[in-house]
Amino acid sequence: MTDRDVVVVGGGPTGCSAGVFTARYGLDTVVFDRGNAALARAAFVENYPGFPGGIDTETLRDLLHDHVETAGADLVPDMVESVAETADGFRVETQEGRSVETRYVLAAAWYDGGYLRGILGDEAYHEHEHDGETHEHFDPEYADSDGRVGVDGLYVAAPAGERNAQAIIAAGTGAHVARELIADHRATEGYPEGVREHYDWLRPDSEFAGDWGERERWREWYEGRTPDDADADLREQYIDDAFATRRSPDEVEELRERAHDRLLEHIDDDRIRAYLDD
């Protein structure tokens, strides 16, 4: 594999959430998962919103991975061993001999982060005592709150201390850092600061009622947030993207049915039959 836009390191809630956002934006994304996420250490998850009865870790992991692939990212069971800077971004080397050239790297693995040492140096790591032994780990406070570490194109969503301690917070951290990556990418595309943020949602017909159903109203809004010399082609692309999120009631119903079917795919057939029999 070569020439990816984004490499995400880690396939737990943090990395999967990040990968969903970058892939849905249209960035060619690969998520490397060594298969040893911290999520598996939980016996059962009872505080992940959306699952009032809780969710077993195996099913939650499968749902996360399914979502990554549905969003358009590749999920590869391999461990990243090193990341090095190149003229155009980074080269990622894995345990199984893969070498990937990528524009962006988003670290989202809870293990020690040693694969970043070649870029960040010793100052990004610290020692601590545990059970009488000295261990060295990536400093969870090294990245800022948006995941930036002072190296263009490199972002860290994990390890990030307490932000990785609960699955739902970890997922939110991954999404937030991915959105910062996307905003930076949009800056390279020429989008001014006032319209760099990307909001990944679908809008109902009602959001386009009245003036908001007309492109001129959107132009006025865009021009009120950007410099006078802002690129008109980017403005029209922004408006095209906004209108592309519009969904009619019939389309929403189709999405609802498809979503329910996908959830059922992750439930054992015998369990479904037993529920129906009850």
Side-chain angles (χ1 to χ4, degrees), residues 6-24 29-81 94-96 105-115 130-131 135 137-138 140 143 147 155-179 200 258-276 278:
V6 182
V7 166
V8 177
V9 184
T14 309
C16 286
S17 183
V20 165
F21 271 74
T22 58
R24 281 177 54 83
T29 301
V30 58
V31 177
F32 285 111
D33 176 35
R34 72 170 183 167
N36 192 25
L39 178 64
R41 299 168 66 185
F44 194 78
V45 178
E46 294 186 309
N47 58 3
Y48 204 101
F51 298 99
I55 181 75
D56 62 282
T57 57
E58 294 84 358
T59 301
L60 179 56
R61 179 202 62 207
D62 290 346
L63 284 165
L64 291 168
H65 287 179
D66 189 359
H67 200 165
V68 166
E69 295 180 319
T70 299
D74 290 324
L75 182 67
V76 178
D78 198 355
M79 179 177 176
V80 169
E81 290 193 330
T94 74
Q95 190 175 65
E96 296 184 7
V105 171
L106 195 154
W110 68 278
Y111 56 96
D112 64 12
Y115 57 91
H130 181 69
D131 292 337
H135 300 269
H137 293 283
F138 184 85
Y155 303 80
V156 175
E162 289 302 310
R163 283 176 288 168
N164 303 135
Q166 298 286 300
I168 187 60
I169 301 173
T173 299
H176 175 74
V177 174
R179 289 189 71 240
D200 186 8
R258 186 185 71 183
H260 289 182
D261 289 343
R262 293 297 297 277
L263 288 173
L264 289 172
E265 291 176 7
H266 291 270
I267 301 175
D268 183 77
D269 290 346
D270 291 338
R271 186 71 195 94
I272 294 174
R273 293 188 187 99
Y275 179 81
L276 293 174
D278 290 341

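Bear in mind that the values here come from a model prediction, so they are computed numbers and not experimental data.
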Output a table of donor-acceptor pairs, distance under 3.5 Å, between side-chain atoms of residues 16-23 and any protein atom two or more places apart or on a different chain; print 'none' if there are none.
| residue | atom | partner | partner atom | Å |
| --- | --- | --- | --- | --- |
| Ser17 | OG | Ala171 | O | 2.8 |
| Ser17 | OG | Ala175 | N | 3.4 |
| Thr22 | OG1 | Ala18 | O | 3.3 |
| Thr22 | OG1 | Gly19 | O | 3.3 |
| Thr22 | OG1 | Thr29 | OG1 | 3.0 |

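In this structure, Arg61 has no salt bridge (charged side-chain N to carboxylate O under 4.0 Å, His left out) partners at least two apart in sequence or on a different chain. Shown here are the ring pair (Phe, Tyr, Trp, His ring centres under 6.0 Å) partners of His266, two or more places apart in sequence or in another chain: there are none. When the ring pair (Phe, Tyr, Trp, His ring centres under 6.0 Å) test is applied to Tyr155, no partner is found at least two apart in sequence or on another chain. Partners of Asp200 under the salt bridge (charged side-chain N to carboxylate O under 4.0 Å, His left out) rule, at least two apart in sequence or in another chain, are Arg24. Every salt bridge (charged side-chain N to carboxylate O under 4.0 Å, His left out) that Asp270 has, sequence neighbours left out, goes to Arg273. Remark: Arg271 pairs with Ile267, Asp268, Ala274, Tyr275 by the side chain to side chain contact (heavy atoms under 4.5 Å, CB included) rule, at least two apart or across chains. Checked against side chain to side chain donor-acceptor pair (under 3.5 Å), His176 has the following partners two or more places apart in sequence or in another chain: Asp146. Glu69 is linked by a side chain to side chain contact (heavy atoms under 4.5 Å, CB included) to Leu75, counting only residues two or more places apart in sequence or in another chain.
Taking both residues in full, the closest heavy atoms of Leu60 and Tyr48 are given as CD2-CD1, 4.0 Å, listed atom of the first, atom of the second, then distance. Pairing each heavy atom of Ala108 with each of Tyr115, the nearest pair is N-OH, 4.3 Å. Here the shortest heavy-atom pairing between Arg262 and Thr70 reads NH2-OG1, 2.9 Å. Here the closest heavy-atom approach between residue Ala157 and residue Val177 is recorded as CB-CG2, 3.9 Å. Here the closest non-hydrogen pair linking Phe51 and Leu63 is CZ-CD1, 3.9 Å. Of all heavy-atom pairs between Gly113 and Phe138, the closest is CA-CB, 4.2 Å.
Rounding to the nearest 0.5 angstrom, the gap separating the CG atom in Asp66 from the CD atom in Glu265 is 7.0 Å. Interatomic distance, Met79 CE to Gln95 CD, rounded to the nearest 0.5 Å: 6.0 Å.
Evaluation of the side-chain hydrogen bond (donor to acceptor under 3.5 Å, both in side chains) test over residues 160-174, restricted to residues two or more places apart or in two chains, returns Asn47-Gln166. Sorted by first then second residue, the side-chain hydrogen bond (donor to acceptor under 3.5 Å, both in side chains) pairs that include residues 51-60, not counting sequence neighbours, are Asp56-Thr59.
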Side chain to side chain contact (heavy atoms under 4.5 Å, CB included) evaluation trace for His65 with Asp33: CA-CA 10 Å; His65 287 179; Asp33 176 35; 3.3 Å; yes
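In this structure, the side chains of Pro13 and Ile168 stay at 4.5 Å or more apart for every pair of heavy atoms.
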